[in-house]
Amino acid sequence: MSLTRFDFSKFFDLNVLVIEADAASGHQLKQILTGLGIKKIELGRTAQSLLCGESSAAYDVIFLDYDVETSLSGADLIELLLQKNFVSPLCRLVVLSSASERQKYAVDYPFHQVDFLDRPCNKFHIDEQLKLHVRLQPFMDPLLPLVHKRRYVDAFKLLGELQQKAGADTPLAVLQLKTQLLLELGICEAASALIKAACSKQQGWALWLQFLLDYEQGDLDACFNFLADSSGEVLCYQERKEVWQVYLALENEDYASALDVASKFPAATMSTQIVQLVKQVMMVSGKAEQAIELIERKRRLSGSGYQFCVLTLSLCKLLVFLIAQPTSEQPVAQYQTMLQHSFRQLIADKEASQFAVDILWLQGSVIGLMEGKDAAIAFLEKQKQHLSSMQMSVASQCQGAALMARLGKMNAAFDLMYLAHKALNLLAHSIHKVYAGCVYQQAFHSIYRVSERGQVYAEMGFRHERENELRAAAQMYYKAYLAEPQNARHQEQLTCLLSQLKLSKFKTFVLDNFN
């Protein structure tokens with residue numbers, strides 16, 4: 001069977017799940033699918049069977065109502081399904097939505113098959129999605145498992161072989177996947193060539209990949225110009241643009257600009273990740289009361305469950321930060337009461353076990369604030385083996401590092417920040433990595449004084465280099481160079497490393513200028 005010849009037998013054998021809150025709409029969608037010849041169709045009114053991992057069938061396509069869960073925004077629901085692997089990357093997730101474009105396109109989903117259909121949709125739209133999935137299966141089924149195991153080189157080689165067989169009939173989605181792989185592999189010149197061809201046709205995915213490429217190469221002027229554009233394809237990505245404006249402002253420590261953008265996000269439609277980003281901005285901008293009010297409002301709406309735990313953790317971290325850095329204007333006793341109450345709510349929630357490591361770090365913080373540093377250190381010592389066996393996110397490691405720094409355990413803080421940077425480098429290029437990078441930088445800045453940062457970055461670069469993680473080492477030496485441009489040692493380390501990597505340029509550092 002040719003890679004590009006349409007296989008109707010696979011079309012009729014598709015296993016399809018419909019999750020639709022409205023019974024009449026769900027029944028109508030099932031009728032459309034039956035009329036198209038689909039035999040295997042399941043119908044659900046909630047996403048709980050997926051979220052609980054109870055649904056064992058390997059679905060090919062899922063049609064998902066964006067507003068199916070009243071306690072979760074559509075953006076949060078998609079995030080949860082993908083992040084927790086409740087939906088396989090081999091499955092096409094088609095989101096049925098009447099949401100505004102700023103919500104739908106706020107996040108990119110690299111290496112997942114996610115598409116949006118505006119309501120009302122008809123049988124032609126449904127048929128198009130099903131046929132697209134069948135056309136892409138010969139490419140995506142062998143490629144995506146390799147990608148999700150981070151075997152990017154193997155995936156890239158296989159993609160080249162598949163493209164050679166398909167020739168000019170290679171689907172656009174496969175070329176997009178190829179560009180994303182090049183970006184992950186750091187082969188910027190080849191990625192740029194593919195992106196430019198697609199950008200000339202104003203294709204949204206290519207415009208954003210060009211933006212990421214400019215960011216990776218340190219061309220911040222191009223990034224700012226892109227974000228300032230208010231025409232063409234970029235218009236439907238308003239929220240993503242604003243998130244990037246906040247991130248770039250935070251990176252430049254321009255907190256006033258970050259707050260100016262973040263305070264304009266519509267509170268009613270904020271996803272949980274946006275709530276946490278706005279909280280970060282308010283926290284560093286001295287707007288603690290507004291941040292607490294925002295999170296509390298969102299917590300009341302979520303009631304309980306996974307999102308409630310995420311928001312409660314976020315609130316507790318903010319309160320710990322405020323209590324640890326008291327000023328004469330802050331009601332510390334009130335914050336302490338709120339912290340204890342929120343912590344009790346958190347550990348009592350049915351989903352709390354999913355946040356075990358964050359809860360341990362938080363418990364250590366609470367003990368440190370209420371009983372003193374020695375008691376917190378003793379508690380963490382007892383939990384040491386337990387903590388070392390846990391898999392931690394970038395945010396969890398940063399949380400632990402900040403706690404260790406407050407307890408005076410700077411070596412442990414350094415180790416956790418180093419591990420957090422390793423975890424950060426494992427994330428695919430997307431808005432999620434942007435947010436994780438923001439969390440990392442804020443933690444780094446809270447732990448290390450300006451005068452220390454250059455040396456700490458250089459030490460992290462040395463550790464990465466020792467473990468043969470050369471690109472990660474280059475990132476750290478570059479940050480050391482930016483922090484202390486007058487330090488010739490940082491320049492020498494970066495120059496030597498770029499020669500090993502066979503790179504003539506790294507962001508704004510051009511090798512010829514320092515040879």
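Predicted model only: the values in this text are computed from it and were never measured.
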Counting only pairs under 3.5 Å, give me each side-chain donor-acceptor contact of residues 172-185, with atom names and distances, residues two or more places apart or in other chains.
residue : atom : partner : partner atom : Å
K178    : NZ   : Q163    : OE1          : 2.9
T179    : OG1  : L175    : O            : 2.8
E184    : OE1  : H429    : ND1          : 3.4
E184    : OE2  : H429    : N            : 2.7
E184    : OE2  : H429    : ND1          : 2.8

Residue pairs fulfilling salt bridge (Lys or Arg N to Asp or Glu O under 4.0 Å) with at least one residue in [range], sequence neighbours excluded:
| range | result |
| --- | --- |
| residues 428-443 | none |
| residues 299-317 | E296-R299 |
| residues 350-362 | none |

Can you name the residues that form a side chain to side chain donor-acceptor pair (under 3.5 Å) with [X], not counting sequence neighbours?
| X | answer |
| --- | --- |
| D219 | none |
| Q383 | none |
| E293 | none |
| S271 | none |

For a quick test of your reading: what N or O donor-acceptor pairs under 3.5 Å do the side chains of residues 119-126 make, sequence neighbours left out?
residue : atom : partner : partner atom : Å
R119    : NH1  : E20     : OE1          : 3.3
R119    : NH2  : E20     : OE1          : 2.8
R119    : NH2  : E20     : OE2          : 3.4
R119    : NH2  : D65     : OD1          : 3.4
N122    : OD1  : F124    : N            : 2.9
N122    : OD1  : H125    : N            : 3.1
N122    : OD1  : H125    : ND1          : 3.3
H125    : ND1  : N122    : N            : 3.1

Inset, instruction - Output every pair passing side chain to side chain donor-acceptor pair (under 3.5 Å) with a member in residues 148-162, not counting sequence neighbours, ordered by first then second residue. - result: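 Those involving residues 148-162 are R150-Y152, R151-D154.
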Legend entry - Pairing residues for Y306 by the ring-ring contact (aromatic ring centres under 6.0 Å, His included) criterion, not counting sequence neighbours: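 Once residues adjacent in sequence are excluded, the partners of Y306 under the ring-ring contact (aromatic ring centres under 6.0 Å, His included) criterion are F355.
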Inset, instruction - For atom CD of Q500, decide whether the heavy atoms of other residues, nucleotides or ligands shown that lie under 6.0 angstrom number more than 12. - result: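 Counting other residues, nucleotides and ligands, CD of Q500 exceeds 12 neighbours.
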Inset, instruction - Scan side-chain atoms only and decide if Q475 and N425 contain a donor-acceptor pair under the 3.5 Å cut-off. - result: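 Side chains of Q475 and N425: pair found under 3.5 Å.
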Inset, instruction - Please test W208 against F226 for ring-ring contact (aromatic ring centres under 6.0 Å, His included), starting from the C-alpha separation and ending with a verdict. - result: CA-CA 9 Å; W208 278 104; F226 177 80; 5.0 Å; yes
Inset, instruction - With sequence neighbours excluded, tell me which residues meet side chain to side chain contact (heavy atoms under 4.5 Å, CB included) with N468. - result: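 Applying side chain to side chain contact (heavy atoms under 4.5 Å, CB included) to N468 gives L470.
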